[in-house]
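Here the structure is laid out as structure tokens; the discussion comes afterwards.
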Amino acid sequence: MFEDELESLRESSLLREIRDRSSPQGRTITIQGGGGRECLNFSSNDYLGLASHPALREAARSALEKHGTGAGASRLLSGGTELHRALEERIAAFKGAEDALIFNSGYAANTGAIPALAGEGDAILSDELNHASIVDGCRLSRAKTYIYRHRDAGHLEEMLSTVSARRKMVVTDTVFSMDGDIAPLKDIYGLCSRHGALLYLDDAHGTGVLGGGRGALEHFGIRSEPWIVQMGTFSKALGSLGAFVASGADTLKWLVNSARTFIFSTALPAPVAAASLKAVELVESGKAPVDVLWANRERLCSVLKGMGLDPGKTETPVVPVMARDAEAALALSEELLHRGIYIPAIRPPAVRTPRLRITVTAAHAGRDIDALIEALSSVL
Ligand SMILES: *Cc1c(COP(=O)(O)O)cnc(C)c1O
């Protein structure tokens, strides 16, 4: 039934195929299509190298011994453990918020929390390059969604002044996941404050990365407020799985009672919560290599610019290298893989402009970045 669809994807170089790996996520990776050898890994959002960190493994192992593998039920029935609650308290303190609630993934958080916070008669104002899970959250809500131009606070202000609705909520990624640029949060914060709008931040790529690891609000020196909703994930820099929403205590009580992806889904297994808790502790106590991450990022970007390559507007460890078209992006990625460097090609509909998306992490050594640069320049 789907032959034609698949063929047309293949013809336009847009067919996606899963590549599994046989190594842990880390500095190097052994991945399908890589000829069975170890390649340098520039594909992972494991920014701090925590996904295979001994302390996280140990925390997960001991929770595994105590609680086993499956949670068995939704949090509201009996699926949660004291680890889940400890993680919520820890992340709330870490984010300077009154309370927090765990979701099973970032995708589940956005598709559950957004429809719970805005519905019929409300307006959502959303950046045009927001993550797909935000787009889907907006679609699931019955609110009217207005799309403002990327990072354009002027356009947002115009919309906030003209749109009339019961409640208004501004939604934005803090770090945009495919371009690595950062939302102008000082301006957006001011606008929300003046217009009495809720501010919903997706800090998936900011948590563990910006503001010494605390995230986007810390980066901008903005204090948490009950009308700010900070969503973030444990799945990227924190090396685990799941997500959180941190905000005012009443907002979270409301989510417990209305977010369908929270209510109708089995809780995360305890070992996952234990690993996340350990990761937050490492970042909070300054034991995670946030500085190394940024030093590596600077090293890569300064050389790329020196080579006359345009990494776009990136301000973070997400570094895109734009390609002419999807075919060129795929060919570049394949050619690099032959040389022992894994950088995935990102194509529409994930992005408008096809590209290589490089993510540099704290696990990389200086010589890894040099090897990447050398391979890139010979391939290009
Ligand atoms: C990855 C990502 C998500 C989804 O998080 P998962 O935990 O992977 O489901 C949501 N928002 C943004 C901006 C992301 O980059």
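Read the numbers this way: they start at 1 and go in the same order the structure lists the ligands and their atoms. If you read the sequence from its start, that first residue is 1, and numbering goes on from there.
Sorted by chain and number, the heavy-atom contacts of ligand 1 below 4.0 Å come from Ser105, Gly106, Tyr107, Asn110, His131, Ser133, Asp173, Ser177, Asp202, Ala204, His205, Thr233, Ser235, Lys236.
From Leu238, atom CG reaches atom OG of Ser276 across 7.0 Å, with rounding to the nearest 0.5 Å.
Glu65 has no carboxylate O lying under 4.0 Å from a charged side-chain N of Arg61, or vice versa, which leaves the two without a salt bridge.
For Glu82, the salt bridge (Lys or Arg N to Asp or Glu O under 4.0 Å) test picks out Lys66, with sequence neighbours left out.
Among all heavy-atom pairs drawn from Glu5 and Met1, the shortest one is OE1-O, 3.7 Å.
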Just distance, no hydrogens or angles: give the donor-acceptor pairs under 3.5 Å from side chains in residues 181-195, sequence neighbours left out.
{"from": "Asp181", "atom 1": "OD2", "to": "His150", "atom 2": "NE2", "distance (Å)": "2.6"}
{"from": "Lys186", "atom 1": "NZ", "to": "Phe220", "atom 2": "O", "distance (Å)": "2.8"}
{"from": "Tyr189", "atom 1": "OH", "to": "Glu225", "atom 2": "OE2", "distance (Å)": "3.0"}

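Under a 4.5 Å side-chain heavy-atom cut-off, the cluster of Ile, Leu, Val, Met, Phe, Trp and Tyr residues that includes Leu9 is completed by Leu6, Leu14, Leu15.
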